[in-house]
Structure formats: structure tokens, C-alpha cells
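What follows is one structure encoded as C-alpha cells, with my remarks underneath.
As the structure lists them, so they are numbered: ligands from 1, and atoms in each ligand from 1.
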Amino acid sequence: MSEYQIHVIDVKNNLQNYIWLLEHTTTHDVVVIDPTESQLVFDYCQQHQLNICQVWLTHWHKDHIGGVPDLLAKYPHLPVYGPRDELSKIPFISHPVHDEQTFSFHELEIEVIAVPGHTLGHIIYYTDFLESAFVGDCLFAMGCGRVFEGTYQQMFHSLNRIAALPEHTKLYCAHEYSLSNAKFALSIEPHNVALQERAEHIEYLRYLDKITLPTTIAEELETNPFLRAESHEEFARIRKLKDTA
Ligand code: ZN
Ligand code: FE
């Protein structure tokens with residue numbers, strides 16, 4: 001991790017988005033992941049003297065791509081990576097990528113993993129060197145994204161692909177939904193001690209107005225009811241309960 005540093009911008013919008021930044025620390029080159037808007041990114045990068053070098057998009061929703069047109073207006077040649085399967089919805093992608101494709105940022109090899117469900121083309125970005133994945137709206141701490149476009153079976157499979165990454169992998173989610181997710185998770189598994197403890201800790205962090213991310217695969221395997229579901233039918237039942245909660 002010495003040559004790289006991950007930063008976060010708290011957008012403080014209604015949807016509680018986070019914009020993650022991955023910096024190569026010797027050059028101060030930086031990747032911007034899912035820029036909700038541009039001004040916060042420009043301000044942050046100016047303040048920390050970061051050179052915006054790449055943009056990575058996980059899916060087409062406005063709160064993940066809203067800042068890209070302004071970034072491109074300022075840096076017309078900025079490489080924008082995003083899901084090939086959502087090109088029609090994100091026309092400014094310059095580098096369309098798909099499942100199992102790899103590309104690089106400095107010495108890092110980035111692997112693209114397709115996780116359809118929230119949207120049909122949703123992808124995540126994984127680097128084994130940093131033991132990190134940028135997971136957009138597929139998985140949240142103790143929760144997961146709503147199934148808008150895919151099937152419950154697809155979404156369950158996508159979550160399991162994330163769960164199959166090494167246990168200590170850090171997951172950088174795009175929203176601060178941990179507190180409400182913890183409450184819902186407790187309603188599903190009231191006797192899960194790891195979950196009880198985690199919920200308490202999250203409540204304390206939020207009370208201090210602190211970020212609760214990243215999470216890890218190991219923590220999610222212990223506390224995330226959507227990952228812990230034993231079948232896609234059980235997953236669908238829990239997801240529908242959450243949608244109407
Ligand atoms: Zn979304
Ligand atoms: Fe989102």
C-alpha cells in the first residue's frame with residue numbers, strides 16, 4: 001500500500017454518496033471512482049495537489065457519473081473506464097471494459113468483475129495488490145443494492161462473486177448506508193452476536209459523523225444477511241422485505 005493511497009470525498013448529498021480516489025503517491029496521479037459531481041473533486045484534487053489521470057465508473061446511475069461531463073470539459077483526453085454493456089447509457093466512456101478484462105494504473109493491475117443485478121452492466125474494480133475492490137452499488141456494509149434491472153438470482157450470484165474474493169479484501173462501497181442496513185440486518189438475524197457488536201460500533205461512528213467504510217469480505221460474511229442467504233430464493237425474500245421496510 002506504500003505507493004498508493006485511497007482517499008474519500010463525502011458528497012453529503014441525500015443519497016450519501018462517497019467518491020473514492022486512488023492515488024499513486026510518488027507521482028500524485030489519481031483515479032476518480034464514480035464522481036457524483038465535479039466541483040468537490042476539483043477542489044479536493046487542487047487542495048491535495050492530485051493529478052486526475054483516470055475515471056472509473058461502476059454503472060450508469062446519475063449519482064455515479066454526474067461529474068464526468070465537467071471533468072471532461074476541463075481534461076478532454078481523460079480516460080474514462082466504464083461498463084461496455086452500458087455504453088448506450090454512458091456515451092462518454094472512452095475505455096469500455098467487460099468481465100475479466102484487466103487494465104493498469106501505474107504498476108497496478110486492475111481486474112474488472114461483472115456484477116449484474118442493481119443494473120445489468122454493473123462492474124466492480126479489483127486490485128489484488130492493494131487487496132481492495134471498488135464495488136459501487138452492488139454490495140454495501142451489511143446490505144446490497146436494490147435489484148433494479150437484473151433478476152434476484154443474478155444479484156445473488158454477483159454478491160457471491162464478491163464474497164469469493166480473498167477474505168481480507170477491503171470493499172469500498174459508494175454510499176454510507178451502514179446504519180440503516182445494520183438495523184435491518186438485526187431484524188433478520190437478531191441473535192447474531194457479531195452483527196450486534198458491529199451495529200453498536202457503526203452507531204458510535206455515525207454519532208461521531210465518521211465514515212464506516214471500507215468494509216471487508218470477512219466482516220460481511222459474518223454480518224451481511226444478503227451474503228449469508230443460503231439460496232437465491234432466500235436472498236429474494238430478504239431483498240423484498242428490505243424494499244418495503
Ligand atoms: Zn446505483
Ligand atoms: Fe448509487
Closer than 2.8 Å to the Zn ion (ligand 1), what protein N/O/S atoms do you find?
His59 NE2, His61 ND1, His118 NE2, Asp137 OD2
Shortest non-hydrogen pair, Gly143 vs Asn181, comes out as CA-ND2, 3.7 Å
Least distance between heavy atoms, Gln5 atom then Thr25 atom:
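In terms of heavy atoms, the two residues are closest at CB-CG2, 3.8 Å.
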Should the pair [X]-[Y] be classified as a salt bridge under the 4.0 Å nitrogen-to-oxygen rule?
X: Glu189; Y: Arg228; value: yes
X: Asp70; Y: Lys74; value: no
X: Arg161; Y: Asp99; value: yes

Would you find a donor on one side and an acceptor on the other, under 3.5 Å apart, between the side chain of Arg198 and the backbone of Ile202?
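The answer is no, because no donor-acceptor pair under 3.5 Å joins these two groups.
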Flag, side chain of His48 to backbone of Tyr44, donor-acceptor distance under 3.5 Å:
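Side chain of His48 to backbone of Tyr44, a donor-acceptor pair under 3.5 Å: yes, one is there.
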Closer than 2.8 Å to the Fe ion (ligand 2), how many protein N/O/S atoms do you count?
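For the Fe ion (ligand 2), protein nitrogen, oxygen or sulfur atoms under 2.8 Å: 4.
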With a distance cut-off below 6.0 Å to the six-membered ring centre and an angular limit of 45° from the axis, does Lys210 pair with Tyr204 as a cation-pi contact?
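That pair does not qualify as a cation-pi contact.
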Taking atom types as modelled, is there a side-chain donor on His28 or Glu23 under 3.5 Å from an acceptor on the other?
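Note: His28 and Glu23 side chains meet the donor-acceptor criterion.
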